Amino acid sequence: MRGTFLLAGATATGKSAVVQYLAEQRGAALLSADAMLVYRGMDIGTAKPSQEERLRVPYYGLDCVTPAETFSSARWLESLAQSETAPLRFVTGGTGLYFSLLLRGLDPAPPVDSERRAALEALPLAELQARLAQRKVTLEDMQNPRRLIRALEILESGGSLPRGWGSKAKVKLPALLWPRALLHARIAERVRKMYQSGLLEETRALRTAYPEWSRTANQAIGYAEAGAVLDGKVTRVEAIEQTIIRTRQLARRQETYLRGQFEVTWIACSSSDTVPMIAERVWAVWEKEGAAKLATL
RNA sequence: GGCGCGAUAGCCAAGCGGUUAGGCAGAGGACUGCAAAUCCUUUUAGAUCAGUUCGACUCUGAUUCGCGCCU
């Protein structure tokens, strides 16, 4: 078997373990499709594959930047390109946007200009809306400054807005799915383990190494709350609780994105399943559906 | 035992004799270079029983439970 095979799914569904297992078994390379695993040193809170696991399988898409740097989806495409040489490649991760890039491509648009972005971010929402109104442009989501700003960046530099992935024919994507209640239990357990494994200490060390973090790294689930503990703003117990809640909310949004953007082949999991059992099901889906048809980038 | 205060949704918490409290959590949705981000929508009430009233979560009484004080 050759080619690229994908496995999506919400956080804490066990994607990584399943794909690690399959990669070891089949001699594949792994590409992480995750916007947080790119941060060097953010290991415990992102549930990054261990050094041992990484020695057994070639990995791409990990540790691309420091927490002080700003990452971007365009930048992730570099990791994708690096992994091209592998004859058999498995891609897994929780960032649905990256699967969109992989399967649907990226319409031409100007890269982010940090000065222009900062200028737009300083504007009130009403001003952003007014500027779009001047250009007779309406977005679906006129309350969302993020999207208004990006639209203005593209328009003000002479580009035209992408048509939208959601409106195009959906592409197939396999994903793991747990009953919500079980997933919530898995999330709670995982967060507690992160604290037992030293998330606070890791955060403290990273803050020493990098006093200023990029906005995205700063907001990373687990690290934001651990930082609040270190600053004495919340207790450890409160931070654990808040991290669990934010992770649950992330998982819900991840599933919503997959449902909305892809024709998902859901691979159902239950509490009695082991990693090899789920891996077998994933492999069966991959064999049946064939290698992913990637967009030409 | 007596007196007082309280009881509102999974949690916190208001006003009101008739028209949506609100927040959090949960659920659904959007998404093209920050995505673990950003934004939109939204279910679930009035401890129990009786009374007053056209109409009670709101007023009255009893009961139950909780808290405080007294003996």
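No experiment lies behind these values; they were computed from the predicted model shown.
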Would you mind classifying the nucleic acid contact of [X] as base, sugar-phosphate or nothing, using non-hydrogen atoms under 4.0 angstrom?
X: Ala109(A); answer: base
X: Glu121(A); answer: base
X: Leu97(A); answer: base
X: Arg253(A); answer: base
X: Arg147(A); answer: sugar-phosphate
X: Tyr223(A); answer: nothing

- Message: Looking at Trp283(A), I'd like to know if the NZ or CZ of Arg26(A) sits under 6.0 Å from its six-membered ring centre while staying within 45 degrees of the ring's axis.
- Response: yes
- Take the protein atom CD of Gln249(A) and the nucleotide atom P of G28(B), then report the distance between them rounded to whole Å.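 Computing the Gln249(A):CD to G28(B):P distance gives 12 Å.
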- Query: Between atom CG in Asn144(A) and atom P in G29(B), what is the gap in whole Å?
  - Reply: 17 Å
Could you give the distance separating [M] and [N] at their [atom1] atoms, to the nearest angstrom?
N: U60(B); M: G6(B); atom1: P; value: 11 Å
N: A25(B); M: U32(B); atom1: P; value: 25 Å
N: G68(B); M: C11(B); atom1: C1'; value: 24 Å
N: G55(B); M: U19(B); atom1: C1'; value: 14 Å
N: A45(B); M: U8(B); atom1: P; value: 15 Å
N: C39(B); M: A7(B); atom1: C1'; value: 38 Å
N: A14(B); M: C70(B); atom1: P; value: 27 Å

- Task: Begin with the C-alpha distance, continue with both residues' side-chain angles, and end with the deciding distance and a verdict on salt bridge (charged side-chain N to carboxylate O under 4.0 Å, His left out) for Asp34(A) and Lys15(A).
- Result: CA-CA 12 Å; Asp34(A) 192 293; Lys15(A) 312 177 287 296; over 6 Å; no
- Task: Might you point out which heavy atoms bring Tyr257(A) and Ser100(A) nearest each other, and give the distance in Å?
- Result: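 Minimum heavy-atom contact is OH-OG, 2.6 Å.
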Using a cut-off of less than 4.0 Å, is there contact between a side-chain N or O of [X] and OP1 or OP2 of [N]?
X: Arg248(A); N: A25(B); value: no
X: Arg150(A); N: U32(B); value: no
X: Thr256(A); N: G29(B); value: yes

- Ring centroids of Trp165(A) and U32(B) base under 5.5 Å with planes under 30°: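 Taking the rule of under 5.5 Å and under 30°, the ring of Trp165(A) does stack on U32(B).
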- Query: Start at the 5' end of RNA chain B and walk down; is the nucleotide closest to Gln261(A) or to Ile221(A) reached first?
  - Reply: Gln261(A)
- Message: Applying the Watson-Crick and G-U wobble criteria at under 3.5 Å, what pairs with G15(B)? Answer none if nothing qualifies.
- Response: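 Looking at the geometry, G15(B) pairs with no nucleotide.
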- Message: One pair to check against side-chain hydrogen bond (donor to acceptor under 3.5 Å, both in side chains): Glu280(A) and Tyr21(A). What are the steps and the verdict?
- Response: CA-CA 10 Å; Glu280(A) 198 173 320; Tyr21(A) 177 89; over 6 Å; no
- Quick one: the side chain of Arg180(A) and the base of G26(B), do they pair up donor-acceptor inside 3.5 Å? no
- Query: Which of these, Arg116(A), Arg150(A), Arg215(A), sits in a salt bridge (Lys or Arg N to Asp or Glu O under 4.0 Å) with Glu121(A)?
  - Reply: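 Result for salt bridge (Lys or Arg N to Asp or Glu O under 4.0 Å) with Glu121(A): Arg215(A).
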